[in-house]
Amino acid sequence: MLRRRPVCLLALLIIAIEGILALAGVPLLPVPPGMTAVKEAAATQSQVTCAGTVEECETKDDYTYCILRDAYLIDQKISYLQISMKQLKKNPGRKVMKVRLTFKDARHYAAGVFLVVRGDPTFAARATNKGQFDQASYDRLLKIGFRIKSPAILYAGGKEDPMREGMLVLRSGLRKRIADTYPKDQAGVVSCMLLGDKSLLEEDTRSLWQLGGVSHMLAISGLHLTVLGMGLYRMLRKMKVKNGLAAGTSMAVLFAYTLFTGLSVSTVRAFFMFVLLMAGRLLGRTYDPPTACAIAALLILLENPYYLCQPSFDLSFAAVVIVNLFAHRSSFTLSYMLYLGMLPIILFTFFEIPIYSIPLNFLVVPLLPFMLGLSMVGTFFGGAFAWPSKMLLAAVTWLLKSVRELPFSSVILGRPTILQVVIFYAMLAFFACLMKRDRLLKKRFRYFALVPLMILVLGIHPHTGLTMTALDVGQGDSICVELPGGRSVLVDSGSSTVMNVGQYRVLPFLKAEGIRRLDYMVATHMDSDHISGLEEILTMISKKETSLRVGTLLLPRLKEKGQAYLKMESLARAAGVRILYVSDGDFFLLPGVRIDVLNPADQDEHVPVDENADCVVLSLTYKKFDALLTGDVENEGEDHLYARLRKRGRTYEVLKVAHHGSRNSTPIALLKVIRPKVSIISSGKGNRYGHPNKELLDRLTAMRTDIVRTDTSGAITVTTDGIFFRVASMGT
């Protein structure tokens, strides 16, 4: 078939070459020469002065961000009033990538305005945990080279770009009108569907549509453009408008809408394919969807090859390919082939699958044209004109909530490996061939037995040994232990420097690992840098915003319970989690693993509770491998632990250093008893406490233990078969 499509074959060949280069780690876009100077300035904590034109500027709730394009580094001795873009372009060696400026107040610079700014350059953070969103990769996709927070504005002048600024003002005005017209839970949906703007979308609403498997309707997609473009074209043709004028008008309107909604990859793909469709009709040529799809992909990747590794690109084009392959089959066949064909990409991105996605899409997707049309009417006219769209959105929301209440509405399968994906698609191709061979419906149904097996291939994550991961949660603690046989334990999750750490770092890691159920969740003590993430996860479970489940919550057995302790108990009960209170002497026997509680000790009624001294300390034993998890234990707690361990007479392969490596934690006497081969320190980069303290590091060095830190290495993973163990990190 491809031999008859030379253009399609050539486009696919170029795309394949780009893919091979990307896998080989070859930079796909040249780095502007000025970026070297920016990196040197960031390394030496020096400021930079740069100039560029405003691409967009938008004020959020409590800050304003601004994107500068055509940015160049400049010598601060130059008179800013004499600088122009023409002068800057004469020195290409000073060119940098786009610059993102962030201000702590509300302000506005019109698109096209020329700015000269000075400040400290910073770079977007890379993902330091498995499953975590990689902001650095996203900035690279947007061609943003670096960021400057609260920059000094040295000069602002020049003429604004009326077309770009007009679109931004219109977009902002429509967003405000949507917010004023619709309830909060509906405003975000309407804003996403009409404007491609997610700033109004509440997390509860996003989670509801995602778990239902219909979140694709919240993006400006090819389906939206098809409804708009083909609808307009057919309407003009029915009005007896000439074919050329109808096609040209439709393409112009679609082009404006594509620009207006932010040039997402799915809209750009749909626009290119629509242009090729119209061109074919005007020239009297046959429209070939595979060729159009390949050309659209090539044009997008020529502008920015990094889209090749983006889920939005992969999902958009995978959907088009599958639709074209099964276009002449029944709607049911097309629906489940779409579901299966995009499943690996969905799992690679979201780590879970909505079980009832196919029937939900059958019910909801046909409503999209009505939702778009009625939402447009409601937005522009407001008042009573918005009621039909409100009622329709309320009905869809009710349906999604009802489905979410069903058992197994969403199942966590984890992130599949490349090998699993290859095996899955090979099985899917075999399945499609079998379905094509037998035309009789009765015979086809027997082949559906392959579907669970295919899904199982993607969800297999064998655990033959023990894996312990200290997550990078900033200034805080979170340790996930995966045991042989698939059981898992989460010890603490909290941070004092990372917002929503449970939702954006801990939960994505658990899902990426394929952990559907935590057998035990441990809160060693009630400091927020140890439990804030646990509270988030328990809250999300009780609200049914995640399919993760927790069996038992372990809390230290204390004679007095503070407000944080009582709140943790309340959250656990609301999430349907059993609570156990533990202290020294308790232990748990799991398949192949023994977990001993070494602290807190029995408490004297006359001694006040000390959160750190009375925190839970766990000892893990797997064959000949031992690990000690010390929480924030200190003072009397460490004295008790020292006596306990000295009596035990056992050394440890791995120590989780107490209290983030504070100065007075983990004294030398305790270290001489533990004698760890590896010491893990969980602390935040550049934290205000100075953790880990130099004196503590010196003590560890004197014990000849290998030191690994989350602030410098990201998440740290220890894997062991019970005899030998290996330590790896996100930075290695």
Find out whether [X] and [Y] are in side-chain contact, i.e. whether some heavy atom of one side chain is under 4.5 Å from a heavy atom of the other.
X	Y	value
Leu13	Leu9	no
Arg94	Cys50	no
Ile353	Leu347	yes
Tyr65	Cys57	no
Val498	Arg505	yes
Phe103	Ser150	no
Leu298	Leu12	no
Val117	Thr49	no

### Query
Given the rule in the side-chain contact (heavy atoms from CB on, under 4.5 Å) test, do Lys401 and Leu208 qualify, once you have shown the distances and angles that lead to the verdict?
CA-CA 7 Å; Lys401 287 183 177 179; Leu208 179 67; 3.8 Å; yes
Would the distance check show the side chain of [X] and the main-chain N or O of [Y] forming a donor-acceptor pair, the cut-off being under 3.5 Å?
X	Y	answer
Glu165	Ala111	yes
Ser389	Ala386	yes
Asp288	Thr291	yes
Arg171	Phe260	yes
Ser172	Leu168	no
Ser207	Glu545	yes
Thr205	Leu201	no
Asn304	Leu141	yes
Tyr233	Thr249	no
Arg177	Phe380	yes

### Task
Evaluate the criterion side-chain contact (heavy atoms from CB on, under 4.5 Å) for residue pair Lys95 and Met35; output intermediate values, then yes/no.
CA-CA 8 Å; Lys95 184 174 177 59; Met35 288 301 298; over 6 Å; no
For the [atom1] atom of [X] and the [atom2] atom of [Y], what is their distance to the nearest 0.5 Å?
X	Y	atom1	atom2	value
Phe272	Ile295	CZ	CD1	11.0 Å
Tyr307	Arg269	OH	CZ	13.5 Å
Phe350	Ile345	CZ	CD1	11.0 Å
Gln186	Leu393	CD	CG	4.5 Å
Phe123	Lys39	CZ	NZ	6.5 Å
Glu202	Asp185	CD	CG	6.5 Å

Does [X] [atom1] have over 12 foreign heavy atoms under 6.0 Å away?
X	atom1	value
Phe385	CZ	no
Met235	CE	yes
Arg107	CZ	yes

Give me the atom names and distance for the closest heavy-atom approach of [X] to [Y].
X	Y	result
Gly19	Leu308	CA-CD2, 3.3 Å
Leu282	Gly244	CD2-CA, 3.4 Å
Glu352	Ile346	O-CG2, 3.9 Å
Leu200	Ala179	CD1-CB, 4.1 Å
Leu236	Ser250	CD1-OG, 4.2 Å
Ser357	Tyr339	CB-CE1, 3.5 Å

With [X], which residues qualify under side-chain contact (heavy atoms from CB on, under 4.5 Å), at least two apart?
X	result
Ser199	Lys60, Arg175, Asp197
Leu277	Met230, Arg281, Tyr287
Phe271	Leu225, Leu254, Phe255, Thr258, Val275

### Task
Apply side chain to side chain donor-acceptor pair (under 3.5 Å) to Arg147 and Thr122, showing your working.
CA-CA 5 Å; Arg147 302 172 171 222; Thr122 60; over 6 Å; no
### Query
Salt bridge check: are Arg100 and Asp139 linked by an N-O gap of less than 4.0 Å?
no
### Query
Can you name the ring-ring contact (aromatic ring centres under 6.0 Å, His included) partners of Phe351, sequence neighbours left out?
none
### Query
By side-chain hydrogen bond (donor to acceptor under 3.5 Å, both in side chains), which residues pair with Glu303, not counting sequence neighbours?
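Scan of Glu303 (side-chain hydrogen bond (donor to acceptor under 3.5 Å, both in side chains), adjacent residues dropped) gives Lys143.
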### Task
Given side-chain contact (heavy atoms from CB on, under 4.5 Å), test Leu400 with Leu360 step by step and report yes or no.
CA-CA 8 Å; Leu400 293 174; Leu360 263 179; 4.0 Å; yes
### Task
Scan for side chain to side chain donor-acceptor pair (under 3.5 Å) pairs involving residues 363-375, sequence neighbours excluded, and state none if there are none.
none
### Task
For side-chain contact (heavy atoms from CB on, under 4.5 Å), just list the numbers for Met167 and Leu259, CA-CA rounded to whole Å, side-chain angles, deciding distance to a tenth of an Å, and then say yes or no.
CA-CA 8 Å; Met167 281 193 172; Leu259 288 176; 4.0 Å; yes
